[in-house]
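Worth saying up front: this structure is predicted, and the values here are computed from it rather than measured.
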Amino acid sequence: MACRTENKEIGDHEYSVVQWSADKAMLMKFKLIKIFGPSLAMLATEDGGSDSESLSKGLHKLFENNSPEDIVATMKECVLGVAMDGKRLTPSSYAESFSADDIMDIYQIFIFVIKVNYGNLLKGQLAERFLAKMKENL
């Protein structure tokens with residue numbers, strides 16, 4: 001089966017994500033589980049407290065075993081190669097295309113990449129809940 005492509009408008013741009021090859025998908029799945037798995041599981045199962053308390057606990061769990069640099073590098077690795085308005089994001093175009101004002105767009109692009117590649121496993125619910133909490137509380 002060929003890798004599928006999905007498109008989505010995020011912010012002021014159209015993004016196109018091509019599903020990864022099996023080798024990259026397996027490698028990235030393990031990287032993502034290592035980094036985000038425990039905190040997403042905590043967010044999904046957190047029963048008591050407010051959303052901001054749940055987000056705080058999830059973020060604390062995220063940084064227990066991961067440096068900010070590792071998290072950012074993995075997210076960037078996922079986003080590189082995505083087409084923005086028809087042009088593939090490379091390390092240099094990524095740096096030129098996004099500023100601190102675009103952080104929420106980067107998170108949304110990252111979640112979109114995850115949905116395209118692992119939608120059949122995640123159904124996007126954990127990732128969407130995490131993104132919604134971030135939007136509310138940051």
Side-chain angles (χ1 to χ4, degrees):
M1 177 183 273
C3 297
R4 75 177 190 282
T5 301
E6 292 189 26
N7 301 306
K8 182 175 184 174
E9 190 170 313
I10 298 173
D12 296 330
H13 302 281
E14 179 76 20
Y15 293 91
S16 180
V17 173
V18 177
Q19 198 174 40
W20 293 326
S21 68
D23 287 343
K24 181 169 182 176
M26 287 189 298
L27 177 62
M28 291 307 298
K29 180 173 69 171
F30 294 129
K31 284 183 175 184
L32 293 165
I33 288 170
K34 179 187 178 294
I35 291 175
F36 295 103
S39 57
L40 286 176
M42 179 175 277
L43 285 172
T45 59
E46 186 72 28
D47 287 331
S50 69
D51 278 349
S52 60
E53 288 175 301
S54 178
L55 178 63
S56 177
K57 288 178 183 179
L59 289 174
H60 177 74
K61 187 70 168 173
L62 177 65
F63 289 107
E64 276 183 346
N65 297 314
N66 303 289
S67 72
E69 293 82 5
D70 288 342
I71 295 166
V72 170
T74 301
M75 291 178 70
K76 183 177 176 180
E77 187 177 353
C78 290
V79 171
L80 290 178
V82 169
M84 181 175 80
D85 299 327
K87 294 184 180 181
R88 296 265 174 236
L89 289 171
T90 64
S92 61
S93 67
Y94 177 91
E96 295 167 3
S97 299
F98 299 106
S99 68
D101 293 338
D102 302 310
I103 289 175
M104 288 309 296
D105 286 354
I106 295 169
Y107 295 145
Q108 290 179 56
I109 298 162
F110 172 72
I111 297 297
F112 180 45
V113 169
I114 300 308
K115 282 182 173 182
V116 170
N117 285 284
Y118 306 111
N120 59 335
L121 299 175
L122 294 176
K123 302 296 183 212
Q125 294 171 358
L126 295 177
E128 285 294 334
R129 183 170 180 201
F130 181 72
L131 185 59
K133 285 185 181 190
M134 289 188 69
K135 280 183 178 180
E136 288 175 13
N137 295 290
L138 294 181

- [ ] Tell me, please, which residues at least two apart from Lys24 pass side chain to side chain contact (heavy atoms under 4.5 Å, CB included).
- [x]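 For Lys24, the residues satisfying side chain to side chain contact (heavy atoms under 4.5 Å, CB included) (neighbours in sequence not counted) are Trp20, Ser21, Met28.
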Do [X] and [Y] sit in one hydrophobic cluster, given that two such residues count as connected whenever their side-chain heavy atoms are within less than 4.5 Å of each other, even indirectly?
X	Y	answer
Leu27	Val113	no
Val116	Ile33	no
Ile114	Met26	no
Ile106	Val72	no

To the nearest 0.5 Å, what is the distance between [atom1] on [X] and [atom2] on [Y]?
X	Y	atom1	atom2	value
Tyr107	Ile10	OH	CD1	14.0 Å
Asn117	Phe112	CG	CZ	10.0 Å
Glu64	Leu62	CD	CG	9.5 Å

Open item on the list: Looking at Glu6 and Arg4, is any side-chain nitrogen of the basic one under 4.0 Å from a carboxylate oxygen of the acidic one?
Closed with: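 Judged by the 4.0 Å cut-off on N to carboxylate O distance, Arg4 and Glu6 do form a salt bridge.
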Qualifying residues under side chain to side chain donor-acceptor pair (under 3.5 Å), relative to [X], sequence neighbours excluded:
X	value
Asp70	Ser67
Asn7	Ser16
Ser97	none

Open item on the list: Give me each pair satisfying salt bridge (Lys or Arg N to Asp or Glu O under 4.0 Å) with a member in residues 90-113, each pair once, sequence neighbours excluded.
Closed with: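 Listed once each, the pairs would be none.
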TODO: Taking all non-hydrogen atoms of both residues into account, name the closest pair between Val18 and Arg88 and its distance.
DONE: CG2-NH2, 3.6 Å
TODO: For residues Met75 and Phe36, report the shortest heavy-atom separation together with the two atoms involved.
DONE: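 So the two residues come closest at CG-CZ, 3.9 Å.
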Open item on the list: With heavy-atom distances below 4.5 Å as the criterion, would you say the side chains of Ile111 and Lys8 are in contact?
Closed with: no
TODO: Apply ring-ring contact (aromatic ring centres under 6.0 Å, His included) to Tyr15 and list each qualifying residue two or more places apart in sequence or on a separate chain.
DONE: none
Task: Counterpart residues, ring-ring contact (aromatic ring centres under 6.0 Å, His included), relative to Phe63 (two or more places apart) - done: none
Going by the ring-ring contact (aromatic ring centres under 6.0 Å, His included) test, which pairs reach into [range], not counting sequence neighbours?
range	answer
residues 72-105	Tyr94-Phe98
residues 65-92	none
residues 64-89	none

Open item on the list: Once salt bridge (charged side-chain N to carboxylate O under 4.0 Å, His left out) is applied, do any residues pair with Glu9, and if so which ones, sequence neighbours excluded?
Closed with: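 For Glu9, no residue satisfies salt bridge (charged side-chain N to carboxylate O under 4.0 Å, His left out) once neighbours in sequence are set aside.
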When the side chains of residues 76-87 are checked against the rest of the protein, which donor-acceptor pairs come out under 3.5 Å, sequence neighbours left out?
| from | atom 1 | to | atom 2 | distance (Å) |
| --- | --- | --- | --- | --- |
| Glu77 | OE1 | Lys31 | NZ | 3.0 |
| Glu77 | OE2 | Lys31 | NZ | 3.3 |
| Asp85 | OD1 | Glu14 | N | 2.9 |
| Asp85 | OD2 | His13 | ND1 | 2.5 |

